[in-house]
Amino acid sequence: STAFESVAMPSTFDSLKFYKLVRPGDQLRLEVELVSRENGHCVIRGQARCESETVAAGRFTMVLRPAQDFGSVAELRKLYDMIRPPAPGE
């Protein structure tokens, strides 16, 4: 969330499948769905697509940790702004 209260850390990876190699310069589109969220654990299902082809798919769990464990809200917001390009119209 953009409130920067929690940071999600990978915990477990299940049923990961890689179907095709991608090369530097290929554009990947990540499609993820939140399957469940309880007790600080988020189960996520997702796939990576290159053009119209699925190149990887799997299910994984993320553990939510307090953001303050990783730095101040101002520092986290700065990092977030560096890695996330603005959406059209922002």
Side-chain angles (χ1 to χ4, degrees):
S1 96
T2 55
F4 299 95
E5 297 169 356
S6 300
V7 173
M9 302 290 296
S11 171
T12 59
F13 295 89
D14 302 309
S15 66
L16 292 178
K17 294 183 181 181
F18 298 91
Y19 301 109
K20 184 179 176 183
L21 290 175
V22 293
R23 293 183 162 41
D26 286 347
Q27 184 176 16
L28 291 178
R29 177 179 169 167
L30 303 178
E31 300 172 356
V32 295
E33 173 188 1
L34 180 62
V35 176
S36 67
R37 179 179 177 178
E38 53 188 68
N39 299 325
H41 291 77
C42 299
V43 177
I44 299 167
R45 177 176 39 233
Q47 64 181 353
R49 299 175 67 81
C50 185
E51 297 178 7
S52 62
E53 193 171 0
T54 299
V55 295
R59 185 177 168 112
F60 55 98
T61 302
M62 304 288 277
V63 177
L64 298 176
R65 300 276 311 273
Q68 64 197 21
D69 290 356
F70 300 94
S72 71
V73 170
E75 292 169 327
L76 294 172
R77 187 175 305 278
K78 185 177 177 181
L79 286 171
Y80 178 80
D81 289 341
M82 284 176 22
I83 63 173
R84 181 191 166 269
E90 279 188 30

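Each residue takes its place number in the sequence, starting with 1.
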Throw together a table of side-chain donor-acceptor distances under 3.5 angstrom for residues 8-17, partners on residues two or more places apart or in other chains.
residue	atom	partner	partner atom	Å
Thr12	OG1	Thr61	OG1	3.2

For [X], give me all partners under side-chain hydrogen bond (donor to acceptor under 3.5 Å, both in side chains), at least two apart in sequence or on another chain.
X: Asp69; value: Arg65
X: Glu51; value: none
X: Lys78; value: none

Grouping I, L, V, M, F, W and Y whenever their side-chain heavy atoms are under 4.5 Å apart, do Leu34 and Met62 come out in a common cluster? yes
Hydrophobic cluster membership, with links at side-chain heavy-atom distances under 4.5 Å among I/L/V/M/F/W/Y: are Val73 and Leu64 in one? no
Would you find more than 12 non-hydrogen atoms of other residues, nucleotides or ligands less than 6.0 Å from Arg49 atom CZ? yes
Scan residues 18-27 for pairs that pass side chain to side chain donor-acceptor pair (under 3.5 Å), counting only residues two or more places apart or in two chains. Lys20-Glu53
In the hydrophobic cluster built from side-chain contacts under 4.5 Å, what are the other members alongside Met82? Leu79
Residues clustering with Val22 (ILVMFWY side chains joined when closer than 4.5 Å, directly or via others): Leu28, Val55
Contacts under 3.5 angstrom, residues 35-47 side chains, donor-acceptor by atom type, not counting sequence neighbours:
residue	atom	partner	partner atom	Å
His41	ND1	Asn39	O	3.0
Arg45	NE	Glu33	OE1	3.4
Arg45	NH2	Glu33	OE1	3.1
Arg45	NH2	Glu33	OE2	3.3
Gln47	OE1	Thr54	OG1	3.3
Gln47	NE2	Glu31	OE1	2.8

Any chance you could measure Gln68, atom CD, to Leu76, atom CG, to the nearest 0.5 Å? 10.5 Å
